[in-house]
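Below is one structure, written out as structure tokens; comments come after it.
Numbering starts at 1 and runs along the sequence shown.
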Amino acid sequence: MRKWLSHLVPHKLKYRLFAVFALVILLPFSVLNLYNYQKIESLVQKKISEQSHEQLDHLHRSLEDQLSIAFKTLIFLEQDSEIRRILQQPQERSVLDNKEIMEDKFKGINNSFFLYNPSVYFTLLDNSGHVYTSYPPNKSLNYSEIASNPSFKALEETKGSYLWVSDDANYVSRDISKSPTLLSLYAELRDSNKRAYGLVRISIDFSFWFESMLQKSESDQAYFIMSRSGEVIARSIPDSSLSPEAVHKIANLPQNGHWTDQQSDSLVNYSYLSSLDWYLVDRIPLHLLFREIETLKQQYFVTFYVITAAFIAIAFMISHAFTRPLSHLQRKMEEAVRKDLMIRVPDKHYKGEILELTRTFNTMMVDMNGLVQRLRAEERQKDAVHFQMLLAQMNPHFLLNTLNTMKWIGLREGNEEIVDICLSLGKLLETSLNSDVDLIHLRDEIELTRAFLYIQQVRYGNRFQVEFSYDEELIYALVPKLSLQPLVDNAIQHGIGNMAEGGRILIRMERSPLRPDRLTLEVEDNGVGLGKSSRNRSEGRKRPSIGLQNVRERLRLLFKDRGELEIIPLKQGTLCRMHLPELLSEPYDHERQSDII
């Protein structure tokens with residue numbers, strides 16, 4: 001079996017590439033497209049069916065409204081005392097007077113806001129041989145003929161209050177209605193003692209209603225009204241018809257549904273009208289549903305196969321052009337590479353050109369490793385330069401704050417405190433300008449922070465207190481130069497600077513309780529906090545300031561992922577917490593010291 005399959009698999013690389021492309025890409029993609037189009041057709045059919053059922057439901061509701069009008073007309077006729085008196089006592093007035101009164105009543109009912117429908121006609125008969133109509137009849141009225149209508153006879157036999165007749169012969173003048181049949185409601189009028197005093201026939205020209213409802217439907221889309229026996233009562237297209245299979249399924253399937261009629265190649269939707277035992281049917285030809293999809297499908301597949309054929313030809317040419325220079329490329333790479341390999345790709349399973357290409361690749365990896373090492377060294381140099389640039393960025397920041405302080409003191413009053421401020425400023429500038437040192441002892445960092453705080457205390461009139469808390473054994477720990485000052489500056493500028501009194505800054509330095517090999521530096525203030533500070537950004541520098549970003553970047557360059565800076569909002573104020581590795585220049589072990597300035 002394996003030997004037989006080996007004859008089917010191409011041996012040359014270019015043919016293998018072509019076979020893989022055809023079997024793995026083209027064939028599944030073609031099958032997937034066919035499947036997707038079938039799903040699209042199913043979804044379209046379902047969507048059209050839902051829309052068709054909405055139209056049928058609209059017709060259903062409209063027909064129910066027509067039936068409701070007939071029942072309301074019956075109620076109006078039965079409750080009108082004048083009509084009841086004329087039917088019960090026709091001898092009180094002359095026949096002409098009774099007819100005139102009845103015609104006025106009929107006009108009032110026809111023009112009623114609730115009953116207005118020009119295609120509703122009604123006939124009244126009393127027990128004395130008189131007939132009253134709301135329409136011009138197509139032939140002379142004959143009381144005996146109308147009273148002997150089989151529908152009235154069936155009403156009397158069943159002793160019911162009303163009877164619907166779906167195929168009542170049209171008795172209205174052809175000038176008004178040309179429909180062959182009418183939908184009629186036959187009923188008896190009874191008094192309070194349940195004695196019949198008249199007969200009424202209310203008819204609806206449902207063919208006119210059906211045509212008016214379907215004026216805007218698709219020309220190829222046919223609607224039908226069908227009885228349970230399979231008789232088509234009305235249709236929207238004169239020559240259209242339902243197939244015997246469709247009639248059979250509508251009568252035997254659930255009361256509402258849809259299916260595809262293979263005989264007429266159409267989608268059939270139907271809805272049952274229980275009050276009349278009718279079905280409303282909608283037939284949509286499939287070519288109308290999928291006409292645009294079929295055109296789109298043809299265009300898509302023609303374009304797809306043309307592009308696929310062109311792509312196959314180009315892929316074959318590229319694979320041929322790619323394999324031909326492999327041997328030449330192999331010789332050139334052997335000439336260019338002469339060093340031992342550091343990382344090897346296993347080559348014992350390869351033969352021929354692939355084997356030589358693998359060996360050449362392994363040789364190239366040696367040069368790549370050397371290049372990576374050189375790039376890493378250059379990256380470290382770039383990091384050092386970047387660090388110095390970030391450190392130098394702090395100088396104008398400190399100088400600007402100090403000059404602002406001197407300006408405010410000079411404007412307010414001449415004071416010798418300026419001399420002390422200048423001394424503190426000189427200490428800060430001297431440290432910042434020393435670019436040869438990146439890490440200093442913690443005690444030196446504390447002294448620099450005290451110098452900065454002296455300047456700020458003078459500026460803010462000693463409105464806040466500062467408390468230092470640290471272990472004596474940590475004073476020779478190495479920390480980034482000028483790392484505490486930006487945190488203190490941030491606490492003053494954005495926390496307690498606007499407080500009239502009661503400001504406090506806590507500076508804590510200790511080993512991390514969770515990581516003893518890490519040092520934690522914290523600056524906490526009881527100022528306005530992050531929320532209020534962010535709302536006041538338009539009045540001053542945005543928070544976090546450039547100093548905080550500078551500290552973050554220097555921690556990243558010095559300690560990579562072992563150094564980090566956290567800004568934590570408190571209920572009252574803000575906490576800045578800095579983590580870095582513990583680096584001691586000499587071991588010390590002294591008691592904890594605390595002082596306040």
Give a yes or no answer on whether the side chain of [X] reaches the backbone of [Y] with a donor-acceptor pair at less than 3.5 Å.
X      : Y      : value
Gln572 : Gly527 : yes
Arg515 : His579 : no
Gln457 : Gln465 : no
Arg554 : Lys481 : yes
Glu445 : Leu484 : yes
Arg518 : Arg562 : yes
Gln485 : Leu448 : no
Asn526 : Gly502 : yes

In Å and rounded to the nearest 0.5 Å, what is the [atom1] to [atom2] distance from [X] to [Y]?
X      : Y      : atom1 : atom2 : result
Leu442 : Glu582 : CG    : CD    : 10.5 Å
Glu447 : Ile475 : CD    : CD1   : 10.5 Å
Ile455 : Tyr460 : CD1   : OH    : 12.5 Å
Leu584 : Leu478 : CG    : CG    : 7.5 Å
Asp489 : Gln456 : CG    : CD    : 6.0 Å
Asp525 : Asn490 : CG    : CG    : 8.0 Å

Closest heavy-atom pair and its distance - [X], [Y]:
X      : Y      : result
Thr520 : Ser512 : OG1-CB, 3.5 Å
Pro486 : Leu548 : O-CD2, 4.3 Å
Ala491 : Ile505 : CB-CD1, 4.3 Å
Val551 : Ser483 : CG2-O, 4.1 Å

Practice prompt. Output, in order, the C-alpha distance, side-chain angles, deciding distance and verdict of side-chain contact (heavy atoms from CB on, under 4.5 Å) for Ile446 and Met509.
Written response: CA-CA 10 Å; Ile446 293 173; Met509 292 148 281; 3.9 Å; yes
Practice prompt. Evaluate the side-chain contact (heavy atoms from CB on, under 4.5 Å) criterion for residues Leu487 and Ile507: first the C-alpha distance (whole Å), next the side-chain angles of each, then the deciding distance (0.1 Å), finally the verdict.
Written response: CA-CA 10 Å; Leu487 306 185; Ile507 303 174; over 6 Å; no
Worksheet item: Is Arg61 paired with Glu64 through a side-chain N to carboxylate O contact shorter than 4.0 Å?
Response: no
Item to complete: Begin with the C-alpha distance, continue with both residues' side-chain angles, and end with the deciding distance and a verdict on side-chain contact (heavy atoms from CB on, under 4.5 Å) for Glu522 and Leu506.
Response: CA-CA 8 Å; Glu522 294 182 345; Leu506 303 178; over 6 Å; no
Practice prompt. Kindly indicate whether the side chain of Thr574, heavy atoms from C-beta on, has any atom under 4.5 Å from the side chain of Pro569.
Written response: no
Practice prompt. For the pair Met578 and Leu565, evaluate side-chain contact (heavy atoms from CB on, under 4.5 Å) and give the outcome as yes or no after the intermediate values.
Written response: CA-CA 4 Å; Met578 180 168 51; Leu565 175 64; 4.0 Å; yes
Worksheet item: Is the count of non-hydrogen atoms from other residues, nucleotides or ligands lying under 6.0 Å from Arg463 atom CZ greater than 12?
Response: yes
Worksheet item: Please walk me through it: do Arg504 and Glu467 pass salt bridge (charged side-chain N to carboxylate O under 4.0 Å, His left out)?
Response: CA-CA 8 Å; Arg504 189 180 75 254; Glu467 179 181 350; 5.5 Å; no
Practice prompt. Using the six-membered ring of Phe468, assess whether NZ or CZ of Arg450 lies under 6.0 Å from its centre and within 45 degrees of the ring axis.
Written response: yes
